[in-house]
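One structure is given below, encoded as structure tokens.
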Amino acid sequence: MKRRGFIKTGLATMAAGASSHPAFAEIIVPMEDNVTQSEMAQFINEMDISMDRIFHSGGKYLKNLIPDTPTETEQNFLKSSLRSLLLIGNFGELSIKGQMHPWMQKRILYSAAEVNHSVATSFDILKDMSDDYKENIKSALIDNPGLGDSILETLNLEARAIGVPAARRRQMRIMGKRIVRRMRHSPEMLIDEYVNKAEKLLLASNSDEALEQLLRMQMGENYSTRVSEAESAAIQWEKLNIPEVPIGYNPIINDQNTYEASRDLKTKKGLRLLGIGFILTAIGWLSFAIADFNMFGAVIGITIGPILILAALIILLIRAVTSKN
């Protein structure tokens, strides 16, 4: 089938699929500074359900777009990428008090290996692309003007199906359109830009101490304030003696030493590209994100991880769609 005909058929199939697979209700992220235990319990339960749904049935709409069944490795990368974007996006929207909730902290550590795998693999995909491969991406987007929109709409349907809020899906679509537009013009310029930014960041944050110094430089006077707020919030939760609850999803990428590995940022470039540091306080190790750290913030510094994931997903889907045409 010619590429243009395939895109047209794929869009029609997705439209039919959208009516046959109802989406989850949108996850409500409590962003208030005075978030309560009951609000956090509801939010985390909704997030766990979505994370589990990706594990068991993520990729329904992508199957309508891609002519061949993805390999297990490809499926694992797709699902872990969607879960990483969901987890980190939700984490970034929470207030500091919400971020420091013990159940949220537990999930960040539990999923650290998976998040690291998603970002690090995305970085390697971009870094290792050959010149011929970049030229093929450009040609595919020029030959089929609707290809980029088809892929972005598929990702939007996947996100909608797991409850990602409409506002964040719009952010993903806007960033995706920018990535597609630049790839249509020059994949090499886009990829080289992000790979260079990522390599500079990895060099500047090659240890726990270096990452903390980088955070201090980027945040300025806000750094100490944010650390104090995080410590205060953690102490507030600790005083409530919140009971342990099981995590409602299984890991896709498993690491038996996740907790220790997550603390060793030298070997975890994915976590460093997401800006997840660990700060030793009076009550133990606390994960901590910088101000304004959300899923698709400014394309600088430690917000680059999600951008790498989205760019790699788009590139892989372009290859998958056009492989049999």
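If you read the sequence from its start, that first residue is 1, and numbering goes on from there. Keep in mind that the numbers below use all heavy atoms, side chains included, and drop hydrogens, waters and symmetry copies. Quick caveat, the model's predicted, so the values are computed rather than measured.
With hydrophobic clusters built from ILVMFWY side chains whose heavy atoms lie under 4.5 angstrom apart, I49 does not share a cluster with I28. Taken together through direct or relayed side-chain contacts under 4.5 Å among Ile, Leu, Val, Met, Phe, Trp and Tyr, L87 and M31 form part of one hydrophobic cluster. The cluster map of Ile, Leu, Val, Met, Phe, Trp and Tyr, joined by side-chain heavy atoms under 4.5 Å apart, puts M51 and V245 in the same cluster. A single hydrophobic cluster is not seen to contain both Y194 and M189; linkage of ILVMFWY side chains at heavy-atom distances under 4.5 Å, directly or through other members, places them apart.
Counting only heavy atoms from C-beta outward, the side chains of E199 and N196 approach each other to under 4.5 Å. Side-chain contact check for L317 versus T154: every heavy-atom pair is 4.5 Å or farther apart. Side-chain atoms of M40 and L94, non-hydrogen and from C-beta on, do get closer than 4.5 Å to each other. Contact check for S150 versus L65: side-chain heavy atoms found under the 4.5 Å cut-off. The shortest distance between side-chain heavy atoms of K177 and D149 falls below 4.5 Å. No side-chain heavy atom of E93 sits less than 4.5 Å from a side-chain heavy atom of I27. Annotation: side chain of M129 is in contact with side chain of I191 (closest heavy-atom distance under 4.5 Å).
The line from CG of N136 to CD1 of I318 is 11.0 Å long, rounded to the nearest 0.5 Å. Summarising the geometry, atom CD belonging to E153 is positioned 12.0 Å from atom CD1 belonging to I151; distances are rounded to the nearest 0.5 Å. Note that CE of M47 and CG of D52 are 12.5 Å apart. Values are rounded to the nearest 0.5 Å. Atoms OH and CD1, from Y133 and I315 in turn, are 6.5 Å apart once rounded to the nearest 0.5 Å. The OG atom of S111 sits 12.0 Å away from atom CG of N116, with the distance rounded to the nearest 0.5 Å. A distance of 6.0 Å separates CG of L313 from OG of S122, quoted to the nearest 0.5 Å.
Panel note: side chain E188, backbone K134; no donor-acceptor pair is recorded below 3.5 Å.
With sequence neighbours excluded, the residues that form a side-chain contact (heavy atoms from CB on, under 4.5 Å) with Q37 are A41, H101, W103, W237, I242. By the ring pair (Phe, Tyr, Trp, His ring centres under 6.0 Å) test, Y249 pairs with Y110, sequence neighbours left out. Contacts of K97 classified as salt bridge (Lys or Arg N to Asp or Glu O under 4.0 Å), with partners at least two apart in sequence or in another chain: none.
In this structure, P246 and R107 approach most closely via the heavy-atom pair O-NH2, 3.6 Å. Of all heavy-atom pairs spanning R184 and K138, the tightest one is O-CG, 3.5 Å. Here the shortest heavy-atom pairing between S118 and S81 reads OG-N, 3.5 Å. In plain terms, the two heavy atoms of A140 and T322 that are nearest each other are CB-CG2, 4.0 Å. What you find for I314 and M183 is that their closest heavy atoms are CG2-SD, 4.4 Å. In terms of heavy atoms, M172 sits closest to A159 at CE-CB, 4.0 Å.
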ask   = Would F43 and V35 satisfy side chain to side chain contact (heavy atoms under 4.5 Å, CB included), going step by step from the backbone distance to the final call?
value = CA-CA 11 Å; F43 158 68; V35 60; over 6 Å; no
query = When you look at F91 and M104, which way does the side chain to side chain contact (heavy atoms under 4.5 Å, CB included) test go after all the steps?
reply = CA-CA 8 Å; F91 181 79; M104 191 68 217; 3.9 Å; yes
request  = For the pair R169 and L157, evaluate side chain to side chain contact (heavy atoms under 4.5 Å, CB included) and give the outcome as yes or no after the intermediate values.
outcome  = CA-CA 9 Å; R169 286 189 281 115; L157 289 172; over 6 Å; no
request  = Show the numbers, then the answer: is there a side chain to side chain contact (heavy atoms under 4.5 Å, CB included) between Q236 and M100?
outcome  = CA-CA 10 Å; Q236 290 179 49; M100 300 313 299; over 6 Å; no
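Ion pairing between E244 and K106 holds under the 4.0 Å rule for side-chain N and carboxylate O.
Under the side chain to side chain contact (heavy atoms under 4.5 Å, CB included) test applied with V195, the options L190, L126, L308 reduce to a single match, L126.
More than 12 heavy-atom neighbours from other residues, nucleotides or ligands sit within 6.0 angstrom of CG on N250.
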